Amino acid sequence: MINVRNVTKSFTLHNQGGVEIPVVVGASFQVAAGSCVALVGASGAGKSTLMRMIYGNYLTQSGQIIVGDTDVVQAQPREILKLRRETLGYVSQFLRVVPRVSTLDVVAEPLLATGHAKAEAIAQAAALLARLNIPERLWTLSPTTFSGGEQQRVNIARGFAHSYPALLLDEPTASLDPINRATVLEMIQEAKARGAAIIGIFHDQAAREAICDHLIDVTAYAPRSAA
Amino acid sequence: MTPLLQVEKVSKYYGRRIGCADVSFDLYPGEVMGIVGESGSGKSTLLSCLAGHLVPDSGAVRFDTRADGLRDTVTMSEPERRMLGRTDWAFVHQHARDGLRMNVSAGGNVGERLMAVNARHYGEIRDKAIDWLGRVEISDDRIDDRPTAFSGGMQQRLQIARNLVTGPRLVFMDEPTGGLDVSVQARLLDLMRGLVREMNLSAIIVTHDLAVVRLLADRLMVMKDGHMVETGLTDQVLDDPQHAYTQLLVSSVLQV
């Protein structure tokens, strides 16, 4: 489902003397449908960078990143937008939303974008929020005022609203209590069972062991000069 | 898929000064593109060329017309271009007073656009005006008030209602949230996002506010000195800018 072939990435800082910082060199791996791969490596090794490259958030200098039938490296913006709408979900560490939009609408948005009816989308959003223990009295409020753990759960609900065939999870369990953590792991297991290909970053080792089929150490793709 | 708007090498000079030079891009149905750059970078000149308010010195602006497919709006006749301006296009000005008739009632402002496309039934026009005022959150007891009696945010929302009532396919916006309070801005952004999705609108938004484009635009074009220096997905351009100027622009934003 996700096929990363020999990709390379570096940052050029034009306003700081044109320094070029290589971050990923020659990364290659595959993730099959229904399996989960964890990216591991020390902080700064390039885990999130690699994930952002797969999402098309960072440009990739060379190589191929095939998700479904789209090469993210070569794709036009509108092809990436379509990919993100229909195929590739991403749960980032931070929630970014339009101020003053209700939590229900935030979670329902991916469903509306894929053409679901408003009532159905709202109902499904409500079910997800209930499952993740967001108190119902908060649903009509904007998540910008929520606690860190609550925001993260809203972000997860949003990421799981549409049944994406491929999912990127950046520290989905980082600031959660044990009960919610268990719920999130259960949701990831369910996504795997329905055939989603998942790439995750988990500092939580128990979580990683519970759901991941392979580990990929990104230190192997870090350029030697920088390491 | 046919692009809704195909811009090819559009250039506009003011004497020997560059307004904008060699700008090309395709815009597809349902896409929202942001154009950012500092003042004087040529973004408003470009927008005026695209919307037919200025005639570019060279280049083509092809629009996918309902009747004949892609037509170059630069070379089409003035009546045809004006017809597009009343039907398939909308232009939201930075200053609402540039896009509204200030001495005509709110309902009249919305109704006028309808009459321009041959609506004649008074009751229907008034009902549609009330419906649209409601959509932009202006209560129906204000329908007979003039825009001069409205706040800046309300004027801007009225301008949006006036522009969208005829069901355009392409909306040009010049700094739509400029000069508004942040609280009013947030509401307007949410409103515009909803309308874009519900009506499958395409839009080109000129702004210098990077937070606005991040929330509204799918794609982003960065302009400097009349030239397009970078283009791509909005979040990619903002999070991984490639050009020196874009890096400077992104790193100059104050954190709240």
Side-chain angles (χ1 to χ4, degrees), chain A residues 9-21 23-24 48-61 72-85 88 90 92 94 96-102 105-106 108-118 121 142 144, chain B residues 1 3-4 25-34 137 177 181-194 196-198 200 202 211-221 229-252 256:
Chain A
K9 164 86 193 154
S10 62
F11 292 105
T12 307
L13 307 177
H14 293 288
N15 299 304
Q16 293 175 44
V19 195
E20 195 179 328
I21 303 172
V23 277
V24 176
S48 291
T49 299
L50 201 51
M51 193 171 264
R52 282 163 171 251
M53 286 158 67
I54 297 170
Y55 196 59
N57 179 230
Y58 282 177
L59 283 184
T60 301
Q61 261 90 23
V72 176
V73 178
Q74 301 289 337
Q76 293 295 310
R78 67 191 176 92
E79 294 169 320
I80 295 183
L81 290 169
K82 183 168 184 284
L83 184 77
R84 290 179 180 181
R85 205 161 47 233
L88 182 63
Y90 176 42
S92 65
F94 307 102
R96 190 171 245 149
V97 294
V98 184
R100 303 172 62 171
V101 175
S102 81
D105 288 338
V106 166
E109 204 190 351
L111 289 167
L112 294 175
T114 43
H116 290 74
K118 178 98 180 170
S142 162
T144 44
Chain B
M1 190 161 61
L4 185 66
F25 66 90
D26 288 347
L27 187 76
Y28 288 85
E31 271 186 344
V32 178
M33 190 170 86
E137 301 168 24
T177 59
D181 279 328
V182 281
S183 58
V184 178
Q185 240 185 46
R187 194 151 142 208
L188 197 68
L189 286 175
D190 181 36
L191 172 73
M192 290 195 290
R193 263 169 74 103
V196 163
R197 190 179 57 221
E198 283 161 27
N200 197 32
S202 301
V212 167
V213 286
R214 191 188 277 274
L215 291 175
L216 270 185
D218 307 312
R219 290 167 55 192
L220 190 59
M221 179 196 287
V229 294
E230 186 162 356
T231 173
L233 271 179
T234 303
D235 58 298
Q236 181 260 302
V237 173
L238 295 179
D239 293 339
D240 185 17
Q242 305 294 310
H243 190 276
Y245 175 68
T246 318
Q247 292 186 354
L248 182 69
L249 199 67
V250 170
S251 64
S252 304
V256 180

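Quick caveat: nothing in here was measured; it's all calculated off a predicted structure. Residue numbering restarts at 1 for every chain, and letters A, B, ... go by the order of the sequence lines.
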Check: Between Arg193(B) and Glu109(A), is there a side-chain N and carboxylate O pair less than 4.0 Å apart?
Finding: yes
Item checked: Top contributor to chain A contacts, counting heavy-atom pairs under 4.5 Å, from Leu189(B), Leu248(B), Leu216(B) -> Leu248(B)
Checklist line | Most contacts with chain A, counted as non-hydrogen pairs under 4.5 angstrom, among Arg214(B), Met1(B), Glu31(B), Arg197(B) | finding: Arg214(B)
Notebook entry, point to check: Of all of Val237(B), Leu238(B), Leu215(B), Asp26(B), which one pairs up most often with chain A through heavy atoms under 4.5 Å apart?
Noted result: Leu215(B)
Notebook entry, point to check: With the threshold set at 4.0 Å, does a side-chain nitrogen-carboxylate oxygen contact exist between Asp235(B) and Arg84(A)?
Noted result: yes
Note to self: Distance check, rounded to the nearest 0.5 Å: Gln76(A) atom CD versus Tyr28(B) atom OH?
What the structure shows: 7.5 Å
Notebook entry, point to check: So, Asp218(B) and Arg78(A), do they make that salt bridge, N to O below 4.0 Å?
Noted result: no
Next item on the list: Please state whether the side chain, the backbone, both or neither of Lys118(A) comes within less than 4.5 Å of a heavy atom of chain B.
Entry: neither
Notebook entry, point to check: Does the side chain of Asp190(B) come within less than 4.5 Å of Arg100(A)'s, by heavy atoms?
Noted result: no
Notebook entry, point to check: How far apart are the C-alpha atoms of Gln247(B) and Gln16(A), what are their side-chain angles, what is the distance that settles it, and do they pass the side-chain contact (heavy atoms from CB on, under 4.5 Å) test?
Noted result: CA-CA 10 Å; Gln247(B) 292 186 354; Gln16(A) 293 175 44; over 6 Å; no
Next item on the list: Could you tell me the separation between the NE2 atom of His243(B) and the OG1 atom of Thr12(A), rounded to the nearest 0.5 Å?
Entry: 12.5 Å
Next item on the list: Quick one: pull up CG in Asp240(B) and NZ in Lys9(A) and give me the separation to the nearest 0.5 Å.
Entry: 3.0 Å
Note to self: I need the contact set between residues 54-61 of chain A and chain B: heavy-atom distance under 4.5 Å, sorted by residue number.
What the structure shows: Gly56(A), Asn57(A), Tyr58(A), Leu59(A), Gln61(A)
